[in-house]
There are 2 protein chains.
Amino acid sequence: MKEKRYKQVQDFLKLQIQKGYYDVGDYLPSENELCSTFSITRTTVRKALDELTREGFIERHHGKGSIVRERRKSLGLLNVKGFSEAVGEDVSTIFLQGPHSDFWSPEIHFKISEKELSQPCIHFSRLRCVGEVPVMIEHNWMNGTCLKEFSDIDFVNGSFFKTLSQHYHIEIVGSEQELRAENAHKDSADLLKVPLGSPILHISVKFHTSNSNFNIYSELYCNTNNYPVGNSYYL
Amino acid sequence: MKEKRYKQVQDFLKLQIQKGYYDVGDYLPSENELCSTFSITRTTVRKALDELTREGFIERHHGKGSIVRERRKSLGLLNVKGFSEAVGEDVSTIFLQGPHSDFWSPEIHFKISEKELSQPCIHFSRLRCVGEVPVMIEHNWMNGTCLKEFSDIDFVNGSFFKTLSQHYHIEIVGSEQELRAENAHKDSADLLKVPLGSPILHISVKFHTSNSNFNIYSELYCNTNNYPVGNSYYL
DNA sequence: GCTTTTGACTTGTACGTACAAGTCAAAAAG
DNA sequence: CTTTTTGACTTGTACGTACAAGTCAAAAGC
């Protein structure tokens with residue numbers, strides 16, 4: 001039972017992208033080049049590229065080629081408006097707690113699998129600011145056995161997802177989210193510099209990844225007064 | 001300049017589904033049947049089915065066939081948990097204002113195109129309840145010229161999107177959303193039966209459709225105390 | 001009656017070919 | 001020097017073929 005040919009090409013190119021061999025905006029080799037390097041037909045190459053397109057890794061342009069794209073934008077995840085991809089924006093991230101071993105917190109909203117509960121947990125939390133204004137508190141928990149020597153590695157471009165992709169070849173393949181409007185508790189009001197009881201957007205997320213034993217559980221608390229949370233998707 | 005063959009098949013099948021010729025769970029004709037009815041090769045039929053899969057209209061099963069699916073579930077839209085598709089749940093919808101001609105409201109958060117502003121506006125608003133508990137106020141505005149005799153038509157299964165699809169063949173192709181946690185104003189507090197100033201989840205949505213002159217602008221106000229808003233997506 | 005096998009169906013993968021159509025720069029024409 | 005044309009490159013569409021692999025019921029075997 002050997003692996004399918006298109007899947008081989010797909011995984012090869014994906015790994016190249018993940019490792020940063022191609023930057024965002026770079027062109028992949030042309031279909032005919034890929035045909036000859038892999039000794040397969042264009043039909044099969046195109047199937048591989050179709051899959052990568054569907055997964056959001058590349059974008060294809062008639063007459064020009066396939067370019068590597070910023071995958072985050074294709075995921076339809078919720079984001080603080082003008083965050084992450086914001087160019088020239090004055091965005092900063094403060095680590096409240098760096099990555100460290102911890103217990104699986106009861107604060108986690110989604111159900112944690114038995115397998116995960118039996119394994120060590122890594123936790124870290126950050127405060128996201130625009131200018132001097134704190135807008136989001138972010139708590140993250142995940143299975144520690146999947147991330148060897150995690151705490152030592154610097155975040156790639158400050159992005160946890162990019163770090164996962166480039167260093168561990170783990171990709172987000174899905175998510176579940178729940179959103180609530182709540183009154184700010186003492187801790188979060190303090191950190192977000194808002195009065196106690198202010199309306200806060202609480203988002204619980206479970207990210208599913210390409211490793212079925214590795215999910216990311218996040219609890220986010222957002223001050224949406226000046227920076228609303230948003231997303232968009234297109235077919 | 002004639003239309004592409006796979007696109008013809010794709011649009012034909014899509015129309016059949018939209019018109020309700022196939023129910024959710026029904027099998028489409030097999031690929032070989034489609035080949036002979038359209039006098040095209042399987043490659044082209046499969047391309048058409050690939051597109052319909054990508055758009056969320058069908059699901060394919062190896063060895064069995066392609067079945068029609070509930071498209072809403074593939075869209076990654078935010079939904080009140082246990083709403084819409086909830087089976088056996090005690091969900092009800094009350095029209096606060098039935099579909100009627102109105103002005104484009106300043107309450108609309110997203111920018112309205114010039115074309116739309118120059119044309120008449122249809123507005124309706126609903127209150128969504130679980131049991132006796134109101135959980136969401138929903139205001140909708142849209143271009144009236146695209147919906148002839150709209151107010152007279154009963155909503156298909158109580159769903160506005162299904163009505164659009166089946167009666168007008170208009171499909172949602174994308175959306176932009178912004179979310180904020182706010183204090184309840186007098187009107188919304190009243191309708192949602194919560195104290196004035198309670199935290200409320202305010203969602204502004206612009207739905208893009210297959211008709212570029214027809215967008216749906218919605219402002220939603222949710223009481224998330226008992227029924228959080230959620231979504232999920234998978235690759 | 002029960003289990004196993006067969007066979008006809010389905011979709012999935014992969015081959016090969018041909019031409020259409022978009023892109024871009026170098027060559028030809030003015 | 002500027003404009004137009006050509007041509008080599010890219011991806012897109014569509015043809016045709018072959019076999020692999022999953023599904024399911026009817027036929028064969030016990």
Side-chain angles (χ1 to χ4, degrees), chain A residues 1-14 16-17 21-69 71 74 173 234-235, chain B residues 1-14 16-17 21-69 71 74 173 234-235:
Chain A
M1 168 69 196
K2 67 168 189 291
E3 185 143 62
K4 296 152 199 164
R5 297 229 193 204
Y6 80 86
K7 185 83 174 136
Q8 291 174 23
V9 180
Q10 177 187 345
D11 288 343
F12 174 83
L13 291 172
K14 190 188 294 182
Q16 298 261 50
I17 293 169
Y21 189 85
Y22 298 106
D23 283 334
V24 171
D26 282 356
Y27 280 95
L28 293 185
S30 78
E31 297 177 358
N32 283 320
E33 285 182 81
L34 292 171
C35 288
S36 52
T37 58
F38 287 97
S39 303
I40 53 179
T41 56
R42 232 184 107 209
T43 316
T44 308
V45 166
R46 283 184 67 79
K47 170 73 174 169
L49 294 176
D50 278 346
E51 289 300 308
L52 289 173
T53 304
R54 196 181 55 80
E55 290 181 323
F57 285 95
I58 63 170
E59 210 169 85
R60 303 167 82 185
H61 296 286
H62 192 174
K64 300 177 77 175
S66 302
I67 70 172
V68 176
R69 65 181 290 193
R71 188 157 175 274
S74 70
V173 297
Y234 297 96
L235 272 185
Chain B
M1 168 66 195
K2 67 169 189 291
E3 185 142 62
K4 294 151 198 164
R5 297 230 193 204
Y6 79 85
K7 186 84 175 135
Q8 291 173 24
V9 180
Q10 177 187 347
D11 288 344
F12 174 83
L13 291 172
K14 191 188 293 183
Q16 298 262 50
I17 293 169
Y21 190 85
Y22 297 106
D23 282 335
V24 171
D26 282 356
Y27 280 94
L28 293 185
S30 78
E31 296 178 358
N32 283 320
E33 287 182 78
L34 292 171
C35 287
S36 53
T37 57
F38 288 97
S39 303
I40 53 178
T41 55
R42 230 183 108 211
T43 315
T44 308
V45 166
R46 282 183 68 79
K47 171 71 175 170
L49 294 176
D50 279 346
E51 289 300 306
L52 289 173
T53 303
R54 196 181 55 80
E55 289 181 322
F57 286 95
I58 64 170
E59 211 167 84
R60 304 167 82 183
H61 296 286
H62 192 175
K64 301 177 78 175
S66 303
I67 70 172
V68 176
R69 66 180 289 193
R71 188 156 175 274
S74 70
V173 297
Y234 297 97
L235 273 186

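Proteins get letters first, then strands, A, B, ... in listed order; numbering begins at 1 in each.
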Would you kindly give the [atom1]-to-[atom2] distance between [X] and [N], to the nearest whole Å?
| X | N | atom1 | atom2 | value |
| --- | --- | --- | --- | --- |
| B:Gln10 | D:dG12 | CD | C1' | 14 Å |
| B:Leu52 | C:dT11 | CG | C1' | 16 Å |
| A:Phe38 | C:dT13 | CZ | P | 17 Å |
| A:Ile67 | C:dT23 | CD1 | P | 13 Å |
| A:Lys7 | C:dG12 | NZ | C1' | 14 Å |
| B:Arg46 | D:dG16 | CZ | P | 17 Å |
| B:Asp50 | C:dT13 | CG | C1' | 12 Å |
| A:Leu34 | D:dT10 | CG | C1' | 13 Å |

Any idea which of [options] is nearest the [X] side chain?
| X | options | answer |
| --- | --- | --- |
| B:His62 | D:dG16, C:dT13, D:dG22 | D:dG22 |
| B:Arg42 | D:dT11, C:dG12, C:dG16 | C:dG12 |
| B:Thr44 | D:dG12, D:dC15, C:dT13 | D:dC15 |
| A:Lys4 | D:dT13, D:dG16, C:dT13 | C:dT13 |
| B:Arg60 | C:dC15, C:dG12, D:dT10 | C:dG12 |
| A:Asn32 | D:dC15, C:dG16, D:dT10 | D:dT10 |
| B:Thr43 | C:dT13, D:dC15, C:dG16 | D:dC15 |

| query | Can A:Leu34 and A:Leu13 be said to form a side chain to side chain contact (heavy atoms under 4.5 Å, CB included), step by step? | reply | CA-CA 10 Å; A:Leu34 292 171; A:Leu13 291 172; 4.2 Å; yes

| said: Does a side-chain N or O of A:Lys64 approach OP1 or OP2 of C:dG22 to a distance below 4.0 Å, or not? | reply: no

| Is the shortest distance from a Lys or Arg side-chain nitrogen in A:Glu59 or A:Lys64 to a carboxylate oxygen in the other one below 4.0 Å? | no

| message | If you assign B:Lys47 and B:Tyr27 each to the DNA chain D nucleotide with the nearest heavy atom, which residue ends up on the more 5' nucleotide? | response | B:Lys47

| query | For D:dC30, which nucleotide in any strand shown is its Watson-Crick or wobble partner with both distances under 3.5 Å? | reply | C:dG1

| query | In Watson-Crick or G-U wobble terms, both distances under 3.5 Å, what is the partner of D:dG22? | reply | C:dC9

| message | Rounded at 0.5 Å granularity, tell me how far CD in B:Gln10 sits from OG1 in B:Thr53. | response | 10.0 Å

| field | Derivation and outcome, salt bridge (charged side-chain N to carboxylate O under 4.0 Å, His left out), residues A:Lys14 and A:Glu55 | value | CA-CA 10 Å; A:Lys14 190 188 294 182; A:Glu55 290 181 323; 3.2 Å; yes

| task | Name the residue closer to the 5' end of DNA chain C, choosing between A:Gly63 and A:Thr41 according to the nucleotide with the nearest heavy atom. | result | A:Thr41

| query | How is B:Ile40 classified with respect to the nucleic acid when contacts are heavy atoms under 4.0 Å: base, sugar-phosphate, or nothing? | reply | sugar-phosphate

| query | Take atom OH in A:Tyr27; do more than 12 heavy atoms of anything else shown fall under 6.0 Å from it? | reply | yes

| field | Short side-chain to backbone donor-acceptor contact, A:Glu31 and A:Val45, under 3.5 Å | value | no

